[in-house]
Asks: 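Got a structure here, written out as structure tokens. Questions coming.
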Amino acid sequence: MNMSEKEVTCDEPDQVDVFGTISHSITSRDVLQDIKSDQTDDDDEDGVSIKRSKLETNTISNKHVDLVSAEKSDDNVIMKTNKKSEWEILEHQGPIFPAEYTPLPDNVQFIYDKQKIKLSPAAEEVAGFYAKMLDHKYTENKIFNENFFTDWRDIMEEEEKNLIKDIAKCDFSQIKDYFELLSENKKKQTTEEKKMLQSERKKIKNKYGYCIVDGNREKICNYIIEAPGLFKGRGDHPKMGKLKTRVMPEEITINCSRGSVVPKPPAGHQWGNIIHDNSAFWLASWVGKVSGKKKYVELDPSSTLKQEKDKQKYDTAKRLHKYIDEIRKSYTEHSMNNMSILERQRTVALYFIDKLALRAGNEKDDDLADTVGCCSLRVEHVELYDIKDNKENVVEFDFLGKDSMPYYISVPVEPHIFKNLVEFKKNKKDTEDLFDDLDTKSLNEYLKTLMPELTAKVFRTYNASRTLQMKLDAFNKADATIDEKVQHYNQANREVATLCNHQRTARVPTSARAEKLEKEIKQARLKVDIAETEDSRESARRELIKLENRLDQTLNKQVALNTSREHYMDPRITVAWCLKHDVPLHRVYSERLLSKFQWAIKLADKDFVFG
DNA sequence: AAGTCGACTTGCCTGGACAGGC
DNA sequence: GCCTGTCCAGGCAAGTCGACTT
């Protein structure tokens, strides 16, 4: 799409129709023009204006709601509501909006029942969303198609609605071909053209992608509002295919500090609301059309505030180490005979959460995909075997977890755990809750009695970080090369990812490739062993490492290492290990992680131990 | 006491940049 | 150079958990 093509056509607020056809004013051109004018006048050095605009603040001042200052008049209120002020100054430019819809050329047409039809812009835009997804499996899904068709017809004009009644008679192929052509053309852009677009994007990011928090310039995570499209739920989502309509400035609540420059809404528009709530981190929010849930424009993980929270998270997890022996005793050594059903269910649930790193498992609404965690496990998700594969008391889990990722594992458990599971399943239907007396709220309340701030998710962080620490500690190859060290780190990372069941769909089938590589590695090992000269041994060894690396990468296709690296492994462990073994940090952390983990890198404690 | 909601954390997927093999 | 595979930032969906409501 051509960002600079659009014209600003509307400066009159009264011409704006929030939910109707979109033909006014929110364009990237606005943004670009803003940048140009700002650069010549009121911008400070890093591109963020700190000049106050009286006009802007005046026009919307009657809408201001100041939550925290209302509370500030009474300190007790703050104590009671537990609302902490997180910042004094929060100043930003407001989010920016995706380019408005560019209608298709007249020769590109939608065909219904062999008849060419020029759709109204709104209907055409939505047809385009669908056409772009024709190569995807989604468009073969019955639910997806039904949801799409219903929502599409809802925004059609009467005439269109009367005509277009059967999705089977719809032919989007011309539209699809057109979008393919556009993306072909985009690929053919010269390096110069690409550079131009890149620098334009950079300018926009420089202006809108940063904010000021208490004097620090901080990166914003998602400063561009989500584009309209069709909802792509994960797994068997009942709402897949529903229309995500364009988010308008009038739907957006801005959060900034009182007295700071109120961000400028796009020409001809107004913000829905402006608040000054310094107990919250978010800069802007709106309500998601499909989910009905609030969405937020937030600070980037590299920001000071997010880094502080991240450190706190790992400190809490680290603290669990002091308590863990005692907690484990409670579910291994104590007889459960005199416990209530609730207590026994809680004990067994905690055992799973600690041993298998299961998630808490909140109750879910039924307008979401059917997935479970520990507390929401049902009878059908757990099979019990007195003996399986020569092991006693085996529990077989088979369920869909977060993001509908399959969780399948067979584990032997302590006899008393097994005995209780048999009882929890007794006289229940498959679809009934395994832990029918337990929910996450009461589980977490109980955990708080074991350790302050302890919740179910802390166990995942704890066990992930502990696993990494122990696996890295086991590394003692004195003459290892950097490559070998990195490989060892990845191996440790993979163990953590496996524990947390972090998976990713391989883009190409990989198992055949892995098999082939394994064979080659066997042969390479043999070559190292039989090499006669020091030179040939060395080159055989290099070859072997290369193959092992490749197998590593191949296996990595099934296990996603990134999620645990980003969210579960205390970065202080990694920093310490890299320092100790002279591994440059950028070999294990991407740019994004290097900036997210600044707090740990600055500490640079070679002797840090998670435990 | 249970249900709902707000705010924040976690997690998979994707498109585009880049690298390495031919 | 082109083709193919790899890596990563970014996108946004989907969790967790505490607070608020009823």
Side-chain angles (χ1 to χ4, degrees), chain A residues 80-83 86 98 136 183 186-187 189 191 194 197-198 201 205 209 219-227 229 231-235 237 239-240 244 253 255 277 279-282 285 287-288 290-302 305-306 309-310 312-313 359-365 368-369 371-376 400-405 439-445 447-448 453-458 460-461 464 497 500-508 510 513 549-550 553-554 556-557 560-568 589-596:
Chain A
K80 269 187 216 154
T81 57
N82 202 19
K83 275 201 169 183
E86 304 281 0
H136 204 287
S183 82
K186 206 175 167 192
K187 278 182 202 152
Q189 280 172 342
T191 327
K194 281 182 188 168
L197 284 171
Q198 226 168 26
R201 244 176 279 139
K205 184 172 180 172
K219 207 169 156 187
I220 302 170
C221 189
N222 53 329
Y223 59 96
I224 304 173
I225 294 296
E226 291 171 18
F231 176 77
K232 289 187 264 188
R234 293 170 198 164
H237 196 120
K239 288 185 175 176
M240 61 165 78
K244 262 173 59 167
T253 298
N255 190 23
D277 178 1
S279 70
F281 288 109
W282 55 267
S285 72
V287 176
V290 175
S291 66
K293 300 255 188 256
K294 274 203 171 189
K295 299 202 166 198
Y296 302 91
V297 173
E298 287 177 88
L299 291 170
D300 189 78
S302 66
L305 284 169
K306 290 276 189 185
K309 287 211 153 192
D310 202 37
Q312 276 170 24
K313 177 185 79 181
R359 297 185 185 82
N362 286 311
E363 296 298 326
K364 291 179 75 180
D365 292 344
L368 301 165
T371 64
V372 298
C374 187
C375 293
S376 48
L400 296 181
K402 181 175 178 179
D403 291 309
S404 295
M405 301 313 284
D439 59 22
T440 55
K441 197 189 279 182
S442 72
L443 175 65
N444 281 333
E445 264 166 28
L447 293 178
K448 292 268 179 316
E453 286 162 88
L454 186 61
T455 61
K457 79 197 258 292
V458 177
R460 258 168 93 79
T461 314
C500 296
N501 195 41
H502 291 145
Q503 304 182 17
R504 65 173 183 179
T505 326
R507 280 180 180 176
V508 284
T510 54
R513 204 173 151 204
N549 273 332
R550 203 171 290 169
Q553 287 165 355
T554 308
N556 280 354
K557 283 202 166 141
L561 303 192
N562 207 47
T563 305
S564 49
R565 213 174 281 206
E566 226 176 303
H567 299 296
Y568 286 102
Y589 282 155
S590 64
E591 281 304 311
R592 187 164 69 156
L593 293 191
L594 285 173
S595 53
K596 171 174 177 170

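Within every chain, numbering begins at 1; the chains are lettered A, B, ... in the order of the sequence lines, protein sequences first and strands thereafter. These numbers were taken from a predicted model, which means no experiment stands behind them.
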Asks: Should A:His567 be listed as having a side-chain N or O under 4.0 Å from OP1 or OP2 of C:dG15?
Replies: no

Asks: At less than 4.0 Å, is any side-chain N or O atom of A:Tyr223 found next to OP1 or OP2 of C:dG10? Yes or no.
Replies: no

Asks: Any idea how A:His502 and A:Tyr568 line up, ring-wise: parallel (<30°), tilted (30 to 60°), or perpendicular (>60°)?
Replies: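 Rings of A:His502 and A:Tyr568: tilted, as their planes differ by 30° to 60°.
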
Asks: Using a heavy-atom cut-off of 4.0 Å across all strands, would you classify A:Ala456 as base, sugar-phosphate, or nothing?
Replies: sugar-phosphate

Asks: Tell me whether the side-chain N or O atoms of A:Lys313 pair up with the base of B:dT9 as donor and acceptor below 3.5 Å, since no angle test is needed here.
Replies: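 Such a pair does not exist between side chain and base.
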
Asks: Assign A:Ser291 to base, sugar-phosphate, or nothing according to its heavy-atom contacts below 4.0 angstrom with the strands shown.
Replies: nothing

Asks: For B:dG11, does either OP1 or OP2 sit under 4.0 Å from a side-chain N or O belonging to A:Arg359?
Replies: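 For B:dG11, OP1 or OP2 has a side-chain N or O of A:Arg359 closer than 4.0 Å.
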
Asks: For B:dT14 and A:His136 - does any side-chain N or O of the residue sit under 4.0 Å from the phosphate oxygens OP1/OP2?
Replies: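 Yes.
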
Asks: Taking OP1 and OP2 of C:dC17, is either one under 4.0 Å from a side-chain nitrogen or oxygen of A:Thr440?
Replies: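 Checking C:dC17 against A:Thr440, no side-chain N or O comes under 4.0 Å of OP1 or OP2.
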
Asks: Which comes earlier along DNA chain B counting from the 5' end, the contact point of A:Asp365 or that of A:Lys306, where each point is its nearest nucleotide?
Replies: A:Asp365

Asks: Could you please name the option among C:dC17, B:dA7, C:dC12 that lies closest to any side-chain atom of A:Lys294?
Replies: B:dA7

Asks: May I ask you to evaluate whether A:Lys448 reaches the phosphate of C:dG18, defined as a side-chain N or O under 4.0 Å from OP1 or OP2?
Replies: yes

Asks: Could you tell me whether A:Gly233 contacts a base, only the sugar-phosphate backbone, or nothing, with contacts defined as non-hydrogen atoms closer than 4.0 Å?
Replies: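 Sugar-phosphate: the residue A:Gly233, judged by heavy atoms under 4.0 Å, touches backbone atoms but no base.
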
Asks: Could you check whether A:Lys364 gets within reach of a base, just the sugar-phosphate, or nothing at all, counting any heavy atom under 4.0 Å?
Replies: sugar-phosphate

Asks: Contact class for A:Lys457 (heavy atom, under 4.0 Å): base, sugar-phosphate, or nothing?
Replies: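 If one applies the 4.0 Å heavy-atom cut-off, A:Lys457 turns out to touch the sugar-phosphate alone, with no base involved.
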
Asks: Nearest to the side chain of A:Lys441 - B:dG3, B:dA17, C:dA13?
Replies: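 Closest nucleotide among those given: B:dG3.
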
Asks: If the cut-off is 4.0 Å, is A:Arg201 near the phosphate of B:dG16, judged by side-chain N/O to OP1 or OP2?
Replies: no

Asks: Tell me whether the OP1 or OP2 atom of C:dG10 has a side-chain N or O from A:Lys205 closer than 4.0 Å.
Replies: yes

Asks: Using a cut-off of less than 4.0 Å, is there contact between a side-chain N or O of A:Asn444 and OP1 or OP2 of C:dC17?
Replies: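 Affirmative; the distance criterion is met.
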
Asks: Base, sugar-phosphate alone, or nothing: which one does A:Gly361 contact when heavy atoms must sit under 4.0 Å apart?
Replies: sugar-phosphate

Asks: A:Lys239 side chain to A:Gly233 main-chain N or O, any donor-acceptor pair under 3.5 Å?
Replies: no

Asks: Please determine whether a side-chain nitrogen or oxygen atom of A:Thr371 lies at a distance below 4.0 Å from atom OP1 or OP2 of C:dG15.
Replies: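 For A:Thr371, the contact criterion (side-chain N or O under 4.0 Å from OP1 or OP2 of C:dG15) is met.
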
Asks: If each of A:Lys232 and A:Arg592 is mapped to the nucleotide of DNA chain C with the nearest heavy atom, which maps nearer the 5' terminus, i.e. the 5' end?
Replies: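 Upstream on the strand: A:Arg592.
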
Asks: Determine whether any donor atom in the side chain of A:Lys186 lies under 3.5 Å from an acceptor atom in the base of B:dG16, or the reverse, and answer yes or no.
Replies: no

